[in-house]
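Structure, as C-alpha cells:
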Amino acid sequence: GENVEQHPSTLSVQEGDSAVIKCTYSDSASNYFPWYKQELGKRPQLIIDIRSNVGEKKDQRIAVTLNKTAKHFSLHITETQPEDSAVYFCAASKEEYGNKLVFGAGTILRVKS
Amino acid sequence: DSGVTQTPKHLITATGQRVTLRCSPRSGDLSVYWYQQSLDQGLQFLIQYYNGEERAKGNILERFSAQQFPDLHSELNLSSLELGDSALYFCASSVGRQADQPQHFGDGTRLSIL
C-alpha cells in the first residue's frame with residue numbers, strides 16, 4: 001500500500017524566515033495531496049491541498065509544489081509568524097484506497113520570535 | 001469550527017469495557033471517515049462510510065466496528081478495550097466519495113483507558 005515519508009521531523013526557524021517541509025510517496029497512482037496543521041490538543045486543520053494535475057498551488061503565505069516524476073511534494077511557508085508554530089502533516093490518497101488519507105509522521109514547526 | 005461534531009470530547013474507562021463514539025458530518029457531506037491518533041502510530045485511517053455503506057477499511061481491529069446511519073451520522077464502537085487503545089479518535093467528512101475531495105476533521109474524542 002501507500003507509504004508517505006515526511007522530513008524533517010522538527011524544524012525551528014526565526015520569525016520572518018521561510019520554512020519548507022518535504023514529503024515523498026510510494027504509489028505513483030496517488031492523485032491528491034493535502035496538508036494539515038494541528039495545534040496541540042486540537043483537530044487537524046486543512047491548510048492547502050493539491051491534485052496531481054497541478055504542479056504548484058499558492059494561498060497567501062503558503063504554497064505547495066508537486067513533482068509527480070520524483071513522487072514528492074513540499075509545503076512552503078513564507079514570512080513565518082509565531083502562530084505558525086504547530087505540527088504539520090502531509091497526506092496522500094488515491095481512488096483505489098477509497099478516500100483514505102495516508103499521513104506522514106508529522107513535522108513540529110517552531111517559529112522563534 | 002469545521003462543522004463536524006464529535007461526542008463525547010473525553011472518555012475515561014477501564015480495560016475490557018465497551019464505548020461508542022459519535023460523529024455528525026458537515027451538512028451536505030455524505031462520506032465519514034474515522035482516524036486514530038496515537039503518539040507511537042501517528043494518524044491512522046480506520047474506516048470510511050459513504051452514504052450508509054462501508055467504502056474503505058484500514059487497520060481497524062476486529063474489536064472495533066462502525067456504522068453510518070440513514071441521517072448520515074456515524075458511530076465507532078470499541079470493545080474489549082485495552083490500554084493500547086488510549087488515543088485521540090477523529091472523525092472527518094467530505095462531500096462525496098472521490099479521493100481528491102477535502103476532508104474536514106472534527107475536534108476528536110480523547111479516549112483514556114485506565
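Proteins come first, then strands; the chains are lettered A, B, ... in the order of their sequence lines, and each starts at number 1.
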(request) Taking B:Tyr35 for its side chain and A:Leu101 for its backbone only, find out whether a donor-acceptor pair lies under 3.5 Å. (result) yes
(request) Identify which part of A:Pro44 has an atom lying under 4.5 Å from any heavy atom of chain B, answering side chain, backbone, both or neither. (result) both
(message) Quick check: is A:Leu40 connected to B:Phe105 through a chain of hydrophobic side chains (ILVMFWY, heavy atoms under 4.5 Å apart)?
(response) no
(request) For residues A:Phe103 and B:Phe45, establish whether the separation of their ring centroids is below 6.0 Å. (result) no
(message) For a quick test of reading the model, state the closest non-hydrogen atom pair linking B:Gln103 to A:Tyr36 and the distance between them.
(response) O-OH, 2.6 Å
(request) Please round to the nearest 0.5 Å and tell me the distance separating atom CD of B:Gln37 and atom CD of A:Gln38. (result) 4.0 Å
(request) Using the ring-ring contact (aromatic ring centres under 6.0 Å, His included) rule, collect all pairs that involve residues 76-95 of chain A, keeping only residues at least two apart or in two chains. (result) none
(request) Answer with yes or no whether the hydrophobic clustering places A:Ile21 together with A:Phe33; edges join I, L, V, M, F, W, Y residues whose side-chain heavy atoms lie under 4.5 Å apart. (result) yes
(message) Main chain of B:Phe90, side chain of A:Arg43: is a donor-acceptor contact present, judged purely on distance under 3.5 Å?
(response) no
(message) Give me the atom names and distance for the closest heavy-atom approach of B:Asp100 to A:Arg51.
(response) O-NH2, 2.6 Å
(request) Please list, in residue-number order, every residue in residues 3-18 of chain B that has a heavy atom less than 4.5 Å from any heavy atom of chain A; write 'none' if there are none. (result) none
(request) Please say whether more than 12 non-hydrogen atoms of neighbouring residues, nucleotides or ligands are located less than 6.0 Å from CG in A:Asp17. (result) yes
(message) Does anything in residues 23-114 of chain B form a disulfide bond (SG atoms under 2.5 Å apart)? List the pairs, not counting sequence neighbours.
(response) B:Cys23-B:Cys91
(request) State, with a plain yes or no, whether a side-chain heavy atom of A:Lys42 is found less than 4.5 Å away from one of B:Asp107. (result) no
(request) Name all pairs fulfilling the disulfide bond (SG atoms under 2.5 Å apart) condition that reach into residues 34-85 of chain B, sequence neighbours left out, sorted by first residue then second. (result) none
(request) Work out which heavy atom in B:Ala99 is nearest to a heavy atom in A:Tyr32; give both atom names and the distance. (result) O-CD2, 3.3 Å
(request) Decide whether B:Leu43 and B:Phe64 are clustered together by the hydrophobic rule: side chain heavy atoms of Ile, Leu, Val, Met, Phe, Trp, Tyr closer than 4.5 Å, transitively. (result) no
(request) Determine, using the 4.5 Å side-chain heavy-atom cutoff (strictly less than), whether A:Val20 and A:Trp35 are members of one ILVMFWY cluster. (result) no
(request) Indicate if B:Val19 and B:Trp34 have the same hydrophobic cluster label, given that clusters are the connected sets of ILVMFWY residues with side-chain heavy-atom separations under 4.5 angstrom. (result) yes
(request) Check the surroundings of atom CZ in A:Arg61: do more than 12 heavy atoms from other residues, nucleotides or ligands lie under 6.0 Å from it? (result) yes
